[in-house]
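Only one structure is covered here, and it is reproduced in the block below.
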Amino acid sequence: MELLMDKKADEDYTIVIGCGRLGANLANTLSDAGGNVLIIDKNKDAFRKLSPSFGGLSITGDATDLDVLQEAQISKASVVVAVSNSDNANIMVAQIARELFHIRRVIARLYDPERECVYGEFGIDTICPAVLSAKEIDKILAETSLSKDSSQEEKQ
Ligand code: AMP
């Protein structure tokens with residue numbers, strides 16, 4: 001930890017919670033773009049998903065545990081992205097980040113669409129894979145029906 005903080009103390013520092021398919025991908029992308037990233041997962045095998053070029057740090061532990069977040073020096077983070085596979089854990093970490101540590105940007109993944117709209121007023125941005133997927137499918141269907149309509153018009 002010391003190394004990371006000494007090296008880039010004045011730069012943006014992102015903490016990613018959950019090194020699953022989404023978290024690992026995000027951490028790799030941010031790191032490859034030169035970002036300062038620390039990733040937390042409760043399962044140490046999860047870090048195998050990080051690419052060999054990943055230049056950030058990793059901590060094994062439950063991110064809802066305040067000691068783990070303090071070890072990650074959450075107070076120095078500018079961004080916290082909670083993308084574990086537990087809505088409850090993501091909400092809890094997001095609220096700790098906002099309320100206790102006043103982190104500027106907090107983003108949480110929520111599987112349950114019904115919980116999505118509640119957190120905006122607390123300064124927590126949420127992404128819901130089910131809602132995003134539904135919108136994308138709707139868009140594809142709309143585009144398909146538009147192109148069908150125009151090809152039928154051309155035939156007439
Ligand atoms: P995925 O479903 O592929 O996006 O993976 C989610 C990741 O979140 C898994 O690697 C889990 O081990 C991790 N995870 C779940 N709950 C927690 C938690 N409370 N703290 C840290 N990591 C967690």
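Just so you know, ligand 1 is whichever comes first in the structure, and atom 1 is the first atom listed for that ligand.
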Quick check on contacts: which atoms of ligand 1 are under 4.0 angstrom from a heavy atom of [X]?
X	answer
G61	20 (N), 21 (C)
A46	10 (O)
G18	8 (O)
A89	19 (N)

Cluster overlap L22 with Y111, hydrophobic side-chain contacts below 4.5 Å: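 Different hydrophobic clusters.
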Using the rule that two of Ile, Leu, Val, Met, Phe, Trp, Tyr join whenever any of their side-chain heavy atoms come within less than 4.5 Å, decide whether I40 and L100 are in one cluster. yes
Where is the nearest protein heavy atom to [atom]: which residue, which atom, and how far?
atom	answer
atom 5 (O) of ligand 1	G20 CA, 3.2 Å
atom 16 (N) of ligand 1	K42 CE, 3.5 Å
atom 2 (O) of ligand 1	R21 NH2, 3.1 Å
atom 4 (O) of ligand 1	R109 NH2, 2.9 Å
atom 20 (N) of ligand 1	A63 N, 3.0 Å
atom 13 (C) of ligand 1	D41 OD2, 3.2 Å
atom 15 (C) of ligand 1	N85 OD1, 3.0 Å

Of V83, D62, L22, L69, the one whose closest heavy atom lies nearest atom 18 (C) of ligand 1 is D62
Name the option, out of A24, S84, P129, that contains the heavy atom nearest to atom 8 (O) of ligand 1. S84
Can S86 and N88 be counted as having a side-chain donor-acceptor contact under 3.5 angstrom?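 No donor-acceptor contact under 3.5 Å links the two side chains.
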Within the 3.5 Å criterion, strictly below it, is a donor on S53 or S51 matched to an acceptor on the partner's side chain?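 Looking only at side-chain atoms, S51 and S53 do form a donor-acceptor pair, the distance falling under 3.5 Å.
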Keeping the roles fixed (side chain from N90, backbone from A108), state whether a donor-acceptor pair exists under 3.5 Å.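 No; judged by distance alone, with no hydrogens or angles, the pair does not exist.
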Search all heavy atoms of D12 against all heavy atoms of N36 and return the closest pair with its distance.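 Scanning both residues completely, I find the closest heavy atoms to be O-CB, 3.1 Å.
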Kindly give the heavy-atom pair with the smallest separation between R109 and D87, and that separation in Å.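 Smallest heavy-atom distance, with atoms named: O-OD1, 3.8 Å.
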Test log, rule side chain to side chain contact (heavy atoms under 4.5 Å, CB included), inputs Q73 and F101: CA-CA 10 Å; Q73 301 199 19; F101 295 98; over 6 Å; no
In Å and rounded to the nearest 0.5 Å, what is the CG to NZ distance from D65 to K42?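 Interatomic distance, D65 CG to K42 NZ, rounded to 0.5 Å: 12.0 Å.
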Side chain or backbone of M92 under 4.0 Å from ligand 1, or both, or neither, by non-hydrogen atoms? neither
Should the pair D41-R48 be classified as a salt bridge under the 4.0 Å nitrogen-to-oxygen rule? no
Going by heavy atoms, is K49 under 4.0 Å from ligand 1?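 In this structure, K49 fails to qualify as a contact of ligand 1 - no heavy atom is under 4.0 Å.
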